[in-house]
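Okay, structure first, notes after.
Given the structure is predicted, the values throughout are model-derived calculations rather than measurements.
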Amino acid sequence: MRTIELLAPAKNLECGMAAIDHGADAVYIGAVRYGARAAAGNSIDDITSLCQYAHRYQAKVYVTVNTLLRTDEHEDVRLLLRQLADAQVDAILVQDMAVRQMVREWCEKGLKMPALHASTQTDNRDADKVLRLAAMGFSRVVLARELSLDEIRHIHQQVPQVELEAFVHGALCVSYSGACYASEYCFQRSANRGECAQFCRLKFDLQDADGQSFGEHYWLSLKDMCRIDDLEAMIDAGVVSLKIEGRLKDADYVKNVVAAYNIRLNEIIRRRKGEFRRSSLGRVKYTFTPDLRKTFNRGYTDYFLHGRTPDIASLDTPKAIGEYVGKVKEIRGQSFNVAGTAQFANGDGLCFFDDLRQLTGFRINRVENNRLFPYKMPKGLKPGIALYRNADQAFSSLLAHDTAVRTIPVKMFFTATNQGFALDIAVVGTDCQARAEIEFAHQSAQKPQHDNIVRQLTKLGGTVFECADIHIPDDASACFIPSSLLSDLRRTAIERLAQKLQSKNSVHYEYSESSVSGDPLISSPLSDDGGRPLMQCRHCIRFAMGYCVRRGGKRPTWHEPLTLVMGDGRRFTLQFDCQHCQMNLYAQV
């Protein structure tokens with residue numbers, strides 16, 4: 001039976017706990033420094049608290065130490081790694097191979113270190129790269145987002161001993177991760193140092209070699225990934241960890257997205273009973289219905305999972321569009337109504353594209369019956385225009401409250417012993433169990449005890465457990481036992497079971513002298529000589545425009561090279577590497 005993991009982002013301790021509560025099997029979170037999201041750092045104390053919370057459900061915590069390091073930072077990182085090991089972190093995500101060397105050094109000194117996962121920042125596109133990382137001691141590799149199902153399947157077949165992690169949801173970088181230097185080149189903010197300035201979300205004018213313009217658009221801005229309908233296919237291809245992007249997102253995003261994917265994953269596991277199981281324990285009851293349309297998104301794409309498709313870019317805006325709610329029906333003074341079935345609330349955020357394809361957003365100040373009164377009537381709004389809601393006040397209000405309860409089902413066995421009584425508690429579906437015994441002379445009860453025994457032993461409020469079944473033989477229920485002793489028995493057994501769950505963790509780094517030495521995977525510094533691409537992209541503007549002859553497109557009437565021109569006049573040449581079906585972006589020096 002294969003173990004499958006739903007992996008969620010954690011901006012902070014609150015988001016991490018929300019992810020666990022809503023069904024995540026693992027979370028990934030940034031340490032105070034050296035993570036690929038510099039704005040999402042967390043203290044060791046908070047990471048320790050998150051580990052303690054997650055491990056109650058045998059869920060895992062992975063910490064990102066996945067930036068390229070300067071030599072003068074090595075000692076600080078070495079200390080950080082020791083602190084993360086003491087915090088009982090389950091794995092560390094790595095880009096710079098110097099971190100892997102530090103982990104080895106701690107192992108040589110006898111410290112048990114977390115497992116090593118190769119971050120997607122190490123640019124993991126093929127089986128050869130994954131094999132090299134495995135030889136260096138990485139137990140898991142996070143694959144490039146651009147890979148298709150066939151490519152994932154091939155990697156799994158070639159390197160079956162390595163766990164494969166793949167993204168299923170969230171924002172997309174247009175460049176292969178770890179191979180983007182545009183932000184560093186233009187703004188002195190390195191994506192490989194956790195300081196991406198989102199160069200790909202800027203507006204550019206696209207021009208051909210003769211200066212002909214194809215218009216100013218967000219040519220490099222992609223829609224967001226959504227693969228909720230492809231989870232089963234990804235699992236069958238060899239993916240064991242399904243990763244949600246979003247370490248800068250708030251708790252509402254985490255709650256909604258994790259809940260949606262948790263429900264879908266459980267449906268797959270129930271339907272294919274005996275083939276898969278979740279990597280953590282517990283089941284979740286929700287007080288809301290998740291809806292991915294209501295979470296921040298630029299429109300959705302499955303990206304390259306099923307091969308190349310034309311409609312993956314968000315050319316008109318890099319901002320969230322949200323869900324389609326209908327078309328403007330009638331405008332009357334300072335109000336309007338909408339043709340559709342959507343319900344609106346005061347404070348909703350709506351947006352639309354005007355005649356120039358510019359995105360305009362506005363707030364609903366008041367709703368009266370089916371009429372909407374904006375705070376200020378937006379320019380360009382007219383009958384027939386499609387409306388989108390990117391801020392749903394009613395849904396946000398739902399998520400602001402407690403929205404999920406996660407419990408671990410257990411079976412209880414209450415029996416009489418020679419000296420008194422015993423309670424065995426076992427986690428359903430596992431071999432994890434605990435036992436508590438108490439001495440008390442057997443006394444025949446004057447009235448039936450079964451119902452009171454059940455009532456006292458199943459009082460599990462304040463714990464993560466819920467009783468799914470209880471077995472009480474007749475000889476035990478025929479004896480009198482005070483309710484206080486039953487409570488003590490239950491409390492002791494539950495505490496022991498919780499301790500066992502906390503200790504039943506984790507994969508550690510496997511150190512061996514035969515591991516590949518050296519540092520062949522670290523990226524070299526960026527030079528300004530124009531000889532190295534600032535971006536390597538599977539997204540192809542030429543294909544998106546319908547001019548890829550190899551894939552049935554029109555033959556271009558314009559002349560290459562194509563150039564992207566920033567608003568400040570800086571120019572970037574596009575090179576189309578058709579042999580590898582890749583677009584490279586170079587600075588014009």
Side-chain angles (χ1 to χ4, degrees), residues 3 5-32 35 40-65 80 83-93 114-115 117 241 243-244 246-247 249-259 261-262 265 278-287 399-410 425 427 430 432 434 460-466 491 494-508:
T3 299
E5 171 187 279
L6 178 61
L7 175 58
K11 176 182 180 180
N12 50 34
L13 175 59
E14 177 196 4
C15 290
M17 293 172 68
I20 299 299
D21 288 343
H22 288 73
D25 300 296
V27 296
Y28 62 105
I29 188 170
V32 66
N42 294 274
S43 69
I44 291 296
D45 286 345
D46 279 357
I47 291 173
T48 301
S49 296
L50 182 57
C51 289
Q52 292 170 348
Y53 190 81
H55 291 169
R56 299 191 303 174
Y57 301 97
Q58 292 197 320
K60 291 181 166 53
V61 176
Y62 309 142
V63 174
T64 59
V65 189
L80 173 64
Q83 293 172 326
L84 293 176
D86 291 341
Q88 298 297 303
V89 164
D90 298 284
I92 299 169
L93 282 93
H117 294 178
S241 180
K243 185 172 191 173
I244 298 167
R247 278 201 301 119
K249 298 294 196 299
D250 59 19
D252 285 3
Y253 171 93
V254 171
K255 289 179 178 182
N256 188 34
V257 177
V258 170
Y261 278 84
N262 179 56
L265 185 54
R278 298 291 290 272
S279 62
S280 66
L281 302 174
R283 57 190 179 193
V284 184
K285 296 177 182 177
Y286 301 103
T287 61
L399 293 179
H401 298 88
D402 292 334
T403 47
V405 176
R406 181 170 179 170
T407 55
I408 300 173
V410 295
I425 304 181
V427 176
T430 76
C432 186
L460 298 176
T463 77
V464 298
F465 303 102
E466 65 170 333
R491 192 177 301 111
I494 284 294
E495 287 175 355
R496 290 175 180 174
L497 185 64
Q499 289 170 0
K500 283 194 173 185
L501 289 178
Q502 284 278 359
S503 63
K504 280 177 72 70
N505 236 38
S506 146
V507 177
H508 296 281

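P409 and G282 get closest at one heavy-atom pair: CD-CA, 4.5 Å. Nearest heavy-atom pair across Y53 and Y57 is O-CD1, 3.8 Å. When all heavy atoms of Y62 and A26 are compared, the pair lying nearest together is CE1-CB, 3.8 Å. Of all heavy-atom pairs spanning R247 and P9, the tightest one is N-CB, 3.7 Å. Of all heavy-atom pairs spanning A19 and V27, the tightest one is CB-CG1, 3.6 Å. Pairing each heavy atom of T3 with each of S279, the nearest pair is CG2-CB, 3.2 Å.
Atom CG of residue L84 and atom CG of residue L80 lie 4.5 Å apart, to the nearest 0.5 angstrom. Separation of atoms SG (C51) and CZ (R56) is listed at 13.0 Å; rounding is to 0.5 Å. Remark: R491 CZ to L460 CG distance equals 11.5 Å, nearest 0.5 Å. Residue L497 holds its CG atom at 9.5 Å from CD of Q499, rounded to the nearest 0.5 Å. Atom NZ of K60 and atom CD1 of I20 lie 10.5 Å apart (nearest 0.5 Å).
Side-chain atoms of Q502 and Q58, non-hydrogen and from C-beta on, never get closer than 4.5 Å to each other. Using a 4.5 Å heavy-atom cutoff, the side chains of P114 and I92 are in contact. Under the 4.5 Å side-chain criterion, counting only non-hydrogen atoms from C-beta, V32 is not in contact with I47. Proximity of I29 to T64: side-chain heavy atoms (C-beta onward) are nowhere separated by under 4.5 Å. The shortest side-chain heavy-atom distance between V427 and K500 does not fall under the 4.5 Å cut-off. At least one side-chain heavy atom of D90 sits under 4.5 Å from a side-chain heavy atom of H55. Within the 4.5 Å cutoff, the side chain of T403 has no heavy atoms near those of the Y286 side chain. Looking at heavy atoms from C-beta onward, L93 lies out of side-chain contact with V63 at the 4.5 angstrom threshold.
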Under 3.5 Å, which donor-acceptor pairs do the side chains of residues 11-18 form with other protein atoms, sequence neighbours left out?
unit_1 : atom_1 : unit_2 : atom_2 : d
N12    : OD1    : E14    : N      : 3.3
N12    : OD1    : C15    : N      : 2.9

Query - Derivation and outcome, side chain to side chain contact (heavy atoms under 4.5 Å, CB included), residues S241 and L7 - result: CA-CA 6 Å; S241 180; L7 175 58; 3.6 Å; yes
**Report entry** Working for side chain to side chain contact (heavy atoms under 4.5 Å, CB included), residues E466 and K285
**Finding:** CA-CA 12 Å; E466 65 170 333; K285 296 177 182 177; 4.1 Å; yes
Requested in this report: For the pair I244 and Y253, evaluate side chain to side chain contact (heavy atoms under 4.5 Å, CB included) and give the outcome as yes or no after the intermediate values.
Outcome: CA-CA 11 Å; I244 298 167; Y253 171 93; 4.0 Å; yes
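Looking only at distances, a side-chain donor or acceptor of K255 sits under 3.5 Å from a matching main-chain atom of L399. A side-chain donor-acceptor contact under 3.5 Å links T287 to the backbone of D402.
The closest side-chain donor-acceptor pair between R406 and S280 falls under 3.5 angstrom.
Checked for salt-bridge contact, K243 and E5 miss the test: no charged N lies under 4.0 Å from a carboxylate O.
The salt bridge (charged side-chain N to carboxylate O under 4.0 Å, His left out) pairs that include a residue from residues 19-29 are D25-R278, where partners are two or more places apart or lie in different chains.
Of the listed residues (T407, L501, L281), just one forms a side chain to side chain contact (heavy atoms under 4.5 Å, CB included) with F465, and that residue is L501.
For H117, the side chain to side chain donor-acceptor pair (under 3.5 Å) criterion is met by no residue, not counting sequence neighbours.
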